[in-house]
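Quick notes on the structure that follows.
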Amino acid sequence: MLLGREAATLQAWLRGHPGNEAVCRDGSATYAEAVRRALPDVFQISDRWHLWHNLVEAVRKEVAAHSTCWVAGQSSAEGRQAATTRERRQHATPCASAESDFWSAHDC
C-alpha cells in the first residue's frame, strides 16, 4: 500500500520497481498521469472491480434514460420498438400486411 494518493508517491514507487510491462489501476486521473510520467511505455489496465462498477453505472443510466419508452402491460417483444419495426416493414414491401408479418410472408 502506498501512503497517500499523490502522483509523486506513485511515480517514485514505480521508478523504484523497474521492469513493469503493465499497471493495473483504478480510474484515478492522478494515477494515470503518474504512470504515464514514470513508465510511458507500460500498458495501463483498469482493475476488474472498477471496470464492472463503471459498466453497471453506464447501463443503469442508459436503462433509466429509456425507461419511459416502455409501455406498461406489454412484454418486451411487443414494446414500442417492435411496433415501430412492424410499421417500417409494412411500408417497405407490398407483401406485408396487418394479418401476415413480413418475415413469415412466403411470396416476397
Side-chain angles (χ1 to χ4, degrees):
M1 300 286 298
L2 297 176
L3 300 176
R5 292 187 52 87
E6 286 77 33
T9 305
L10 178 58
Q11 281 179 262
W13 188 90
L14 289 171
R15 289 187 177 132
H17 296 83
N20 292 302
E21 295 179 11
V23 173
C24 184
R25 62 172 185 80
D26 66 12
S28 167
T30 301
Y31 278 7
E33 183 60 28
V35 173
R36 272 193 293 276
R37 288 181 182 172
L39 304 170
D41 296 327
V42 77
F43 287 102
Q44 294 192 43
I45 304 164
S46 180
D47 68 86
R48 187 177 3 196
W49 188 91
H50 285 93
L51 185 66
W52 278 109
H53 176 75
N54 292 340
L55 174 63
V56 167
E57 283 301 306
V59 169
R60 185 190 62 74
K61 288 177 184 176
E62 193 66 22
V63 168
H66 293 283
S67 64
T68 58
C69 301
W70 304 327
V71 178
Q74 290 184 331
S75 69
S76 59
E78 291 301 318
R80 186 175 188 163
Q81 183 177 6
T84 303
T85 301
R86 277 194 303 278
E87 289 174 17
R88 288 181 182 158
R89 287 179 183 165
Q90 288 174 355
H91 293 293
T93 177
C95 296
S97 67
E99 292 80 34
S100 73
D101 185 63
F102 172 77
W103 300 112
S104 62
H106 301 289
D107 297 331
C108 290

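This one's a predicted model, so the numbers in the text were calculated from it and none came from an experiment.
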- request: Decide whether V35 and F43 are clustered together by the hydrophobic rule: side chain heavy atoms of Ile, Leu, Val, Met, Phe, Trp, Tyr closer than 4.5 Å, transitively.
  value: no
task: Taking all non-hydrogen atoms of both residues into account, name the closest pair between R5 and T30 and its distance.
output: O-CG2, 3.5 Å
task: Might you point out which heavy atoms bring V23 and L14 nearest each other, and give the distance in Å?
output: CG2-CD2, 4.3 Å
- prompt: In terms of heavy-atom contacts, does CG of L3 have more than 12 from other residues, nucleotides or ligands at under 6.0 Å?
  reply: no
query: About how many Å separate CH2 of W52 and CG of D47, when rounded to the nearest 0.5 Å?
result: 13.0 Å
field: Closest heavy-atom pair and its distance - I45, A22
entry: CD1-CB, 3.7 Å
A7 to A34 - nearest heavy-atom pair and separation: O-CB, 3.5 Å
- prompt: Are L10 and V42 connected, step by step, through hydrophobic side chains (Ile, Leu, Val, Met, Phe, Trp, Tyr) whose heavy atoms are closer than 4.5 Å?
  reply: yes
task: Could you tell me which non-hydrogen atom of Q11 sits nearest to which non-hydrogen atom of R37, and how far apart they are?
output: NE2-CB, 3.3 Å
field: Side-chain donor or acceptor of H53 paired with backbone N/O of W49 under 3.5 Å
entry: no
- line: For E57, the side-chain hydrogen bond (donor to acceptor under 3.5 Å, both in side chains) test, sequence neighbours excluded, returns R60
